[in-house]
Amino acid sequence: MSESNGMQAGKAVGLSRANRAILIAAFVLLAAAVGYAIWRDSAPAIADPAIEGGAAPGDQIAALEARVQREPDSADAWTALGAARFDMGNFVGAAAAYEKAVALSPESAGLWSALGEARVMASERDPMPAAAVQAFDKAIALDARDPRARYFLAVKKDIGGDHKGAIEDWFALLADTPQGAPWEADLRRTIEQVGAIHKIDVAQRLAATRPRAPTADEMPVAARAIPGPSRAEMEAAAQLPKGQQDAMIAGMIDGLEAKLRANPADVDRWIMLMRSRMTLGETAKAAQALKDGIAANPAAAGRLKAQAQLLGVPGA
């Protein structure tokens, strides 16, 4: 979109330059947090030696780029490279890698929505470029429940002036969100912000809307990939009252911290710890985890700070 067309679009939805800037900033930052959390929590883990062991970000990228040279027909390799580039803020590069991945695995809704998110973040002027919308539409065609595509398509409605429609879509997504999902707080904050900007009362409905009960495969979302109870124990925990679930998650986090004391060079576990603390509302502890992680891994400070920013960690 040209600059003149972008200005015309702003006038078409009746937004002042200041309000438009606020909306774009809020949506891009919140969308990144929500989209990233959805991707990391819903996508299958892709093991790669370049990411294991707390390698420096530059070394990770170099290793992943070498891997796609060795395995040019591997969707997993291109996906890992796309995720790593996204982590580093190289959104144009991330989009290019995801384009390779979807060409090799065109039936993956998650990959299409990851591509759409990267295209949004790579756009300097248009907050919702047509190429991103195409990717989100493709994701929805493959999986109508894809949460990230649903989130961004609601953003498109709001930018286009359909604020009530966007809020309805976000409420529907919130109702479908598994209990404990790390993007719930950001999604609620988006609804609150848009409601406040456009004088739409959402407070009572937000208070009444609760995430759905997680399935056995999803419980507890916030603790996925954190070493702890067996699958059978996690399935049993899905039937526990919320207070007992929280106690179980707290115990798993304690175990994660113990592993970090034994191996403070594990950058991925520091990110898991920050994510878990933020999910539990323990923002001060999340901020301390960021400081401790950087102190233990100064070469990975950029990656840790980038992830902390996406999670909303104070001071990031």
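Values below: every heavy atom of this structure, side chains too, minus hydrogens, waters and symmetry copies. Nothing here was measured: the structure is a model prediction, and the numbers come from that model.
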Student: Answer yes or no: is there a side-chain heavy-atom contact under 4.5 Å between Arg210 and Thr177?
Tutor: no
Student: Side-chain donor-acceptor contacts of residues 284-292 below 3.5 Å, not counting sequence neighbours, with atom names and distances?
Tutor:
from   : atom 1 : to     : atom 2 : distance (Å)
Gln288 : NE2    : Asp292 : OD1    : 2.9

Student: Quick one, Pro147 and Leu173 - any side-chain contact, counting heavy atoms below 4.5 Å?
Tutor: yes
Student: Tell me, do Val133 and Leu153 make a side-chain contact under 4.5 Å, heavy atoms counted?
Tutor: yes
Student: Looking at Lys164, Lys157, Arg150, which one forms a salt bridge (Lys or Arg N to Asp or Glu O under 4.0 Å) with Asp169?
Tutor: Lys157
Student: Cut-off 3.5 Å, side chains only: do Tyr151 and Thr190 have a donor facing an acceptor?
Tutor: yes
Student: Under 3.5 Å, is there a donor-acceptor pair between the side chain of Trp112 and the main chain of Glu107?
Tutor: no
Student: If the condition is ring-ring contact (aromatic ring centres under 6.0 Å, His included), which residues does Phe91 pass it with, not counting sequence neighbours?
Tutor: Phe86
Student: With a 4.0 Å cut-off on N to O distance, would you call Arg119 and Glu99 a salt bridge?
Tutor: yes
Student: Within the side chain of Asp201, is there an N or O that forms a donor-acceptor pair under 3.5 Å with the backbone of Ala203?
Tutor: yes
Student: Quick one: closest heavy-atom pair of Ile61 and Arg85, and the distance?
Tutor: CD1-N, 3.9 Å
Student: Does any N or O in the side chain of Thr79 come within less than 3.5 Å of the main-chain N or O of Ala75, such that one atom is a donor and the other an acceptor?
Tutor: yes
Student: Can any side-chain N or O of Thr209 pair as donor or acceptor with the backbone N or O of Leu206 at less than 3.5 Å?
Tutor: no
Student: Taking all non-hydrogen atoms of both residues, which atom of Pro129 and which atom of Val120 are closest, and how far apart?
Tutor: CD-CA, 4.2 Å
Student: Is the closest basic N to carboxylate O distance between Asp176 and Arg145 below 4.0 Å?
Tutor: yes
Student: Could you list the residues that satisfy side chain to side chain contact (heavy atoms under 4.5 Å, CB included) with Val68, not counting sequence neighbours?
Tutor: Ala77, Trp78, Leu81
Student: Heavy atoms only: give me the nearest Leu115-Ala95 pair and the separation to one decimal.
Tutor: CD1-O, 3.5 Å
Student: Any side-chain heavy-atom pair from Val202 and Ile200 closer than 4.5 angstrom?
Tutor: yes
Student: For residues Asp73 and Leu104, report the shortest heavy-atom separation together with the two atoms involved.
Tutor: C-CD1, 3.7 Å
Student: Would you call Arg205 and Glu168 a salt bridge, using N to O less than 4.0 angstrom?
Tutor: yes
Student: What is the minimum heavy-atom distance between Ala265 and Asn297, and which atoms define it?
Tutor: CA-OD1, 3.1 Å
